[in-house]
Amino acid sequence: VESVRFTDNTIGIAADPDLLTLTNAALAVAGTLTVSDDVKLSEDAAVITHTAPTTATNAGLAISSTNFHVDVESVRFTDAKIGTTTDADLITLADGSVSITGTLDTTGYIKVASTKFTVDATGNTYADGTLTVMGAADMNNTLNVKLDATLQSDMIMTADSAALTHSGTTGLTIKSTNAYVDVESVRFTDNTIGIAADPDLLTLTNAALAVAGTLTVSDDVKLSEDAAVITHTAPTTATNAGLAISSTNFHVDVESVRFTDAKIGTTTDADLITLADGSVSITGTLDTTGYIKVAS
């Protein structure tokens, strides 16, 4: 009919008589189908199926626009980019990489191969919530924490000369809520300082330091108060109590008076007076401006 050839149930042209094949509820096109308007599928569950045999090579189904894009529902495909009608390049595909221009939001895990998760040096990573790391985390630069950092185990520093530095303008507090803080072998518990076996050797209060034990000084003890006093505070119920000031191998000077064992003298004549039970011996001249009174 004109230039159209009908052969049984096929329609074509003289050079290609079976371009169209009609069967019950089906039309087969043996060639290219060119449509100048929309292709509309009225079936409830419509499908576009590619039926190349499994033995074919380099086969597949390609849906493309020569100069523009392909929209699938509200998703736009443009060359190797995937996006929306208003943001067409959200995802860019390349061999071995996927680039995302925008925010990645997921309700599940993001799983990557070991040592493969990196942040480009020109960008930053921001977590708007809780960041949970199930394994070890290595950081090759500074960790900046704007609020509290809670550690459920030890903090270990591997630098040869490690420092814990406070750069604020108020102060640094290191404390334990319910127990103590150990610095090397020194234990701090509230306002007391000591060691593990004796934690309250020193007690600090306002304008006072109490030593619960022996105080050993390798140099002078200097008192700067105008009217300084050394006071012994044993209770009146104590027995064999008192205050002893002694030198293990030498003397004790009080102003210009020298005490050496039971002898009292000066720095140049240390044994002027010798005390013994029931007696006082004077080595030298006794000079008095008053009476010398002895028993009758």
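Numbering of residues begins at 1 and proceeds along the displayed sequence. Since we're looking at a predicted model, the values are computed, not measured.
Between K222 and D220 the shortest side-chain heavy-atom distance falls below 4.5 Å. Within the 4.5 Å cutoff, the side chain of D269 has no heavy atoms near those of the T283 side chain. A 4.5 Å side-chain heavy-atom check between R187 and I195 finds every atom pair outside the cut-off. Looking at heavy atoms from C-beta onward, T189 lies out of side-chain contact with D200 at the 4.5 angstrom threshold. In this structure, L104 and I110 have side chains that are in contact, with non-hydrogen atoms separated by less than 4.5 Å. With a 4.5 Å cut-off on side-chain heavy atoms, V29 and L20 count as touching.
How far CG of N144 is from CE of M139: 11.0 Å, rounded to the nearest 0.5 Å. One distance of note links CG of D16 with CD1 of I11; it measures 12.5 Å at 0.5 Å rounding. Distance check, rounded to the nearest 0.5 Å: NE2 of H166 to OG1 of T173 gives 8.5 Å. Atom NZ in K81 sits 12.0 Å away from atom CG in L90 (nearest 0.5 Å). Rounding to the nearest 0.5 angstrom, the gap separating the CG atom in D8 from the OG1 atom in T21 is 9.5 Å. Expressed to the nearest 0.5 Å, how far CG of L151 lies from CD1 of I156 amounts to 11.0 Å.
Hydrophobic clustering of Ile, Leu, Val, Met, Phe, Trp and Tyr side chains at less than 4.5 Å, counting indirect connections, unites L172 with V183. Hydrophobic clustering (ILVMFWY, side-chain heavy atoms < 4.5 Å, transitive): M155 and L131 are in distinct clusters. One hydrophobic cluster, built from ILVMFWY side chains closer than 4.5 Å, cannot hold both V72 and F68; they sit in different ones.
More than 12 heavy atoms of other shown residues, nucleotides or ligands fall within 6.0 angstrom of atom CG in L209. Around OH of Y180, the count of heavy atoms belonging to other residues, nucleotides or ligands within 6.0 Å does not exceed 12. Counted within 6.0 Å of CG on N9, heavy atoms from surrounding residues, nucleotides or ligands total more than 12; the atom is thus considered enclosed.
Taking both residues in full, the closest heavy atoms of T260 and H251 are given as OG1-CB, 3.3 Å, listed atom of the first, atom of the second, then distance. Smallest separation of non-hydrogen atoms from S176 and A179: OG-N, 3.1 Å. Scanning all heavy atoms of the two residues, the minimum distance from V217 to D219 falls at CG1-O, 3.0 Å.
For the side chain to side chain contact (heavy atoms under 4.5 Å, CB included) criterion with F77, the lone passing option out of I63, I82, D71 is I82.
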